[in-house]
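Below is one structure; the comments refer to it alone.
Scope of the values below: all heavy atoms of this structure, side chains included, with no hydrogens, waters or symmetry mates.
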Amino acid sequence: MENANIQWISSTKESVWQEKPVSNNGSDAANLAFTDEKFQLVEGFGGCFNELGFAALAHLSEKERGQVLHSLFHPDGDHKFSICRLPIGASDYALEWYSLNETDGDFEMKHFSIERDLKYLIPYIKEALSYNPDLKFFASPWSPPTWMKFPRAYNYGTLRWEKEILAAYALYFVKYVEAYRNEGITIHQIHVQNEVVADQKFPSCLWTGEQLRDFIRDYLGPAFEKHGIDAEIWLGTINAPEPWQEWLKKSSSDFNAYAFTVLSDPDAYKYIKGVGYQWAGKYGIQRTVQSYPELRYMQTENECGDGTNTWDYAKYIFNLYQHYFTNGVNAYIYWNMVLEPKGRSTWGWEQNSMITVDPATKAATFNPEYYVMKHFSHFVSPESIRIGLKGPWTGNALAFEKPNGEKVVVIANPFAETKNVCLSDGAKVYTFELEPDSFNTIVFSGGNGR
């Protein structure tokens with residue numbers, strides 16, 4: 001007999017987003033069950049606005065573009081995105097390299113300008129806001145202005161550690177928040193640097209934990225106070241510990257080198273509301289959450305693949321969601337939401353995207369990771385709480401309780417064979433025959449679940 005109080009959606013490589021019937025035979029022993037444990041609050045899901053994404057969307061007709069944006073941002077769309085990322089100056093997915101003030105020695109930021117953003121980013125952002133006016137934003141630079149760096153270049157290098165430069169850079173962040181506010185866009189969080197250990201041929205800047213601590217404590221925090229900036233300051237985005245740093249360079253980039261160095265200083269800690277981790281940051285988040293459970297956490301950039309958008313890589317990405325949420329994040333942010341085929345960056349790396357827009361056919365393709373995200377974000381709303389599971393399938397599943405009392409289980413079958421998951425809600429056991437290599441969402445409502 002089918003159970004009307006349970007909804008089950010399944011996706012495979014051959015057949016995505018299929019609703020499947022649920023029956024209860026009550027004869028199988030549970031291998032997955034809810035517990036009474038309650039963990040972190042979910043703040044939401046999102047992606048990053050980049051210039052190359054805006055360029056890809058331009059290939060679509062107005063109607064199709066609207067459908068894509070609705071699917072990402074509208075509260076009744078596929079993904080219901082609630083928090084998204086913005087670059088301050090050029091990311092590696094900008095059309096070219098730039099900062100918001102390349103006037104050498106302009107310590108007072110008189111020449112600060114978002115003129116370029118008004119052409120390539122702000123229209124994209126405002127379109128998203130037209131579908132969801134409550135969308136929140138966090139922002140980070142990939143590189144400071146080149147005249148603030150040594151060597152003087154967008155890629156590689158470090159910030160010049162001089163008081164006049166540091167004060168000017170803090171003011172740069174102030175001007176950014178103010179300029180976007182004047183455009184009707186609220187910046188809710190500032191993350192000090194994208195990938196603090198990335199010394200790359202794309203826009204980047206190396207920071208030590210001590211530098212992050214001192215800059216936040218002595219410059220950025222006081223500048224926000226002085227200018228009445230209410231955007232939160234986050235310790236992000238941390239892409240460490242990198243194993244090659246530990247092994248080859250014989251230098252630490254772990255929890256102690258970054259999060260603990262900054263957060264253990266009370267005068268820096270008082271300004272910091274959360275920590276953003278991405279990429280190799282997955283190796284540091286557990287110890288950080290254990291040490292500072294009162295802070296908020298975010299996975300700030302989904303790992304990006306190689307532009308082939310395969311189902312196998314989507315399976316890997318599912319495991320990242322499982323890892324980060326199990327270790328305490330409140331939000332999960334995708335990288336490029338939309339790109340052209342192969343997703344080639346301005347510096348040559350090909351990367352995955354949720355949606356591909358082909359300039360030749362003027363058509364949008366929804367890639368496997370579109371559905372991985374949808375299996376979470378379509379059902380797990382902000383203010384949901386992650387709840388406990390037990391049993392041998394726990395390592396391939398996550399569970400959440402929504403504000404309305406519904407319970408959501410997102411589970412993957414990583415095997416090449418059909419597998420039975422016998423899920424207990426505390427009163428009954430329900431058997432789900434999960435197809436091979438599938439992603440699944442199961443929603444208990446109307447009295448199911450304890």
Side-chain angles (χ1 to χ4, degrees), residues 40-41 43 83 85-89 100 107 109 112 136-142 144 148 158-181 186-197 205-240 255-278 281 284-285 287-300 328-331 333:
Q40 75 270 27
L41 201 68
E43 296 186 20
I83 180 167
R85 187 181 188 187
L86 307 178
I88 303 175
L100 305 180
F107 299 110
M109 289 293 139
F112 180 94
K136 293 181 170 61
F137 299 103
F138 71 100
S140 61
W142 270 243
M148 294 184 170
T158 61
L159 189 66
R160 289 165 52 192
W161 211 253
E162 304 159 24
K163 288 184 177 181
E164 203 171 26
I165 292 288
L166 297 171
Y169 196 38
L171 186 57
Y172 183 83
F173 286 101
V174 170
K175 294 292 186 180
Y176 175 79
V177 175
E178 291 177 338
Y180 266 70
R181 182 197 301 150
T186 299
I187 303 300
H188 297 84
Q189 302 170 13
I190 288 293
H191 295 229
V192 175
Q193 170 65 43
N194 174 70
E195 297 191 346
V196 294
V197 301
C205 185
L206 290 171
W207 290 70
T208 66
E210 290 80 5
Q211 288 174 327
L212 288 166
R213 177 196 64 202
D214 294 356
F215 180 69
I216 292 169
R217 180 190 66 201
D218 300 336
Y219 297 94
L220 188 61
F224 275 25
E225 287 182 335
K226 176 182 177 181
H227 293 275
I229 300 297
D230 57 6
E232 297 175 344
I233 296 172
W234 278 51
L235 180 59
T237 63
I238 309 298
N239 60 323
F255 161 75
N256 293 326
Y258 281 94
F260 198 32
T261 292
V262 180
L263 297 172
S264 62
D265 185 302
D267 292 324
Y269 173 91
K270 70 180 181 181
Y271 291 116
I272 297 169
K273 300 300 182 185
V275 183
Y277 274 116
Q278 63 193 51
I285 189 169
R287 293 170 68 190
T288 314
V289 174
Q290 286 174 334
S291 302
Y292 298 95
E294 72 282 5
L295 294 178
R296 289 148 52 219
Y297 293 88
M298 186 186 302
Q299 189 291 125
T300 42
V329 297
N330 305 95
I333 309 301

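- When the options Glu195, Gln299, His191 are evaluated for a side-chain hydrogen bond (donor to acceptor under 3.5 Å, both in side chains) with Gln278, the one that passes is Glu195.
- Looking at heavy atoms from C-beta onward, Ile83 lies in side-chain contact with Met298 at the 4.5 angstrom threshold.
- The two atoms that bring Tyr277 and Ala259 nearest to each other are OH-CB, 3.5 Å, heavy atoms only.
- The structure places NZ of Lys273 at 9.0 Å from CG of Leu295, a figure rounded to the nearest 0.5 Å.
- Using a 4.5 Å heavy-atom threshold, the side chains of Trp161 and Asp214 count as touching.
- Ring geometry, Phe255 versus Tyr292: the interplanar angle falls from 30° to 60°, so the pair is classed tilted.
- Within 6.0 Å of OH in Tyr271 there are more than 12 heavy atoms belonging to other residues, nucleotides or ligands.
- Side-chain contact between Gln189 and Thr300 is absent, with no heavy atoms from C-beta onward closer than 4.5 Å.
- Separation of atoms OG1 (Thr288) and CG (Leu263) is listed at 7.5 Å; rounding is to 0.5 Å.
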Donor-acceptor pairs under 3.5 Å, side chain of residues 163-180 to any protein atom, not counting sequence neighbours: which ones?
from: Tyr172; atom 1: OH; to: Leu100; atom 2: N; distance (Å): 3.0
from: Tyr180; atom 1: OH; to: Asp117; atom 2: OD2; distance (Å): 2.7

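- A salt bridge does not link Glu43 to Lys136: none of the charged side-chain nitrogens sits closer than 4.0 Å to a carboxylate oxygen.
- Thr261 has its side chain out of reach of Leu212: every pair of non-hydrogen atoms, C-beta onward, lies at least 4.5 Å apart.
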Q: Take Gln211 and Leu159, measure what side-chain contact (heavy atoms from CB on, under 4.5 Å) needs, and give me the verdict at the end.
A: CA-CA 9 Å; Gln211 288 174 327; Leu159 189 66; over 6 Å; no
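- Of all the heavy atoms in Gly276 and Trp234, the pair that sits closest is N-CE3, 3.9 Å.
- Val196 places none of its side-chain heavy atoms less than 4.5 Å from the side chain of Leu206.
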